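Here's the structure we're looking at; comments come further down.
Since we're looking at a predicted model, the values are computed, not measured. Note on naming: letters A, B, ... go to the chains in the order of the sequence lines (proteins, then strands), and numbering restarts at 1 for each one.
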Amino acid sequence: MPPRSDRYDRIYRTVRRIPRGRVATYGQIAKLAGMPNQARLVGYALHALQDGRVPWQRVVNGRGEISVRAFPGSEDVQRELLEREGVRFDARGRLSLERFGWRPRR
DNA sequence: AGCCTGACTCGGA
DNA sequence: CTCCGAGCCAGGC
């Protein structure tokens, strides 16, 4: 049994490049991983994560919010992890992509 | 194979 | 600002 699809692996490798204290959007990860317009696949891949080798908390949606998921409460975990890295949220629970967005070179 | 769902995004109304 | 609709792919039934 292969671990996961090659696409998942490319997504995970890209997410691992996000530096501490910075965030990237699902669409951004998809594009950097060489599959533009497949943001949804990124969310899917992260949802299927098992191990802790991937900094999944550094991926947020295009509006700078933590996406809600089926299991309630996990959003709070993500926010906690990010705040621990220095990422600040406003009263609406949104962060500034201007300030904390990851802008990789190439 | 079909059908539904989901850690998404973008453009238009 | 909000509310669709379309485009997208993987998994489960």
Side-chain angles (χ1 to χ4, degrees):
Chain A
M1 279 278 297
R4 280 297 177 190
S5 71
D6 179 55
R7 287 184 169 150
Y8 275 32
D9 287 332
R10 276 192 285 163
I11 290 172
Y12 297 147
R13 278 199 293 275
T14 305
V15 173
R16 273 195 283 264
R17 292 177 53 205
I18 307 174
R20 217 174 158 289
R22 310 244 98 184
V23 300
T25 67
Y26 294 91
Q28 185 182 2
I29 294 299
K31 190 175 180 180
L32 288 171
M35 25 189 160
N37 308 318
Q38 290 178 147
R40 203 161 191 179
L41 186 60
V42 174
Y44 219 39
L46 294 184
H47 180 64
L49 264 181
Q50 299 287 322
D51 60 272
R53 299 177 303 175
V54 182
W56 56 270
Q57 73 272 21
R58 296 177 193 151
V59 183
V60 298
N61 66 32
R63 296 177 304 186
E65 311 171 311
I66 293 175
S67 295
V68 283
R69 52 253 306 150
F71 186 70
S74 45
E75 305 97 307
D76 300 321
V77 176
Q78 179 170 8
R79 175 167 174 164
E80 180 65 33
L81 288 171
L82 287 178
E83 292 187 318
R84 205 171 298 172
E85 297 183 358
V87 177
R88 302 294 197 76
F89 290 80
D90 65 17
R92 291 178 181 171
R94 291 172 53 167
L95 58 82
S96 169
L97 289 175
E98 280 290 312
R99 287 183 54 190
F100 303 109
W102 176 44
R103 291 184 259 305
R105 304 177 184 177
R106 284 185 292 280

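Between the side chain of Gln78(A) and the backbone N or O of Val59(A) there is at least one donor-acceptor pair closer than 3.5 Å.
Look at OH on Tyr26(A): it is 15 Å from P on dG6(B), rounded to the nearest Å. Here the C1' atom of nucleotide dG6(B) and the OH atom of Tyr8(A) are 11 Å apart, to the nearest Å. Note: CG (Leu46(A)) to P (dT9(B)) measures 11 Å, nearest angstrom. When the C1' atom of dC8(C) is taken as reference, atom CD1 of Ile11(A) falls 12 Å away, rounded to whole Å. Note: CZ (Arg94(A)) to C1' (dC1(C)) measures 10 Å, nearest angstrom. Counting to the nearest Å, the C1' atom of dC10(B) and the CD atom of Gln38(A) are 15 Å from each other. Taking atom CD1 of Ile29(A) as the reference point, atom C1' of dC8(C) lies 17 Å away to the nearest angstrom. The CG atom of Asn37(A) sits 9 Å away from the P atom of dC9(C) (whole-angstrom rounding).
Note on Leu41(A): only backbone sugar-phosphate atoms sit closer than 4.0 angstrom, heavy atoms only; bases stay farther off. Using a 4.0 Å heavy-atom criterion, one finds that Val42(A) contacts no nucleic acid atom at all.
Distances shorter than 4.0 Å separate none of the side-chain N or O atoms of Arg40(A) from OP1 or OP2 on dA10(C).
Between Leu82(A) and Phe89(A) the shortest heavy-atom distance is CD1-CZ, 3.9 Å. Minimum interatomic distance between Met35(A) and Arg10(A) (heavy atoms only, all atoms of both residues): CE-CB, 4.0 Å.
A salt bridge links Arg84(A) with Glu80(A): the distance from a Lys NZ or Arg NE/NH1/NH2 to an Asp or Glu carboxylate oxygen falls below 4.0 Å.
Place Tyr44(A) and Arg63(A) on DNA chain B by their nearest nucleotides, and Tyr44(A) ends up nearer the 5' end.
The side chain of Arg7(A) approaches dA10(C) more closely than any other nucleotide in the set dA10(C), dC8(C), dC1(C).
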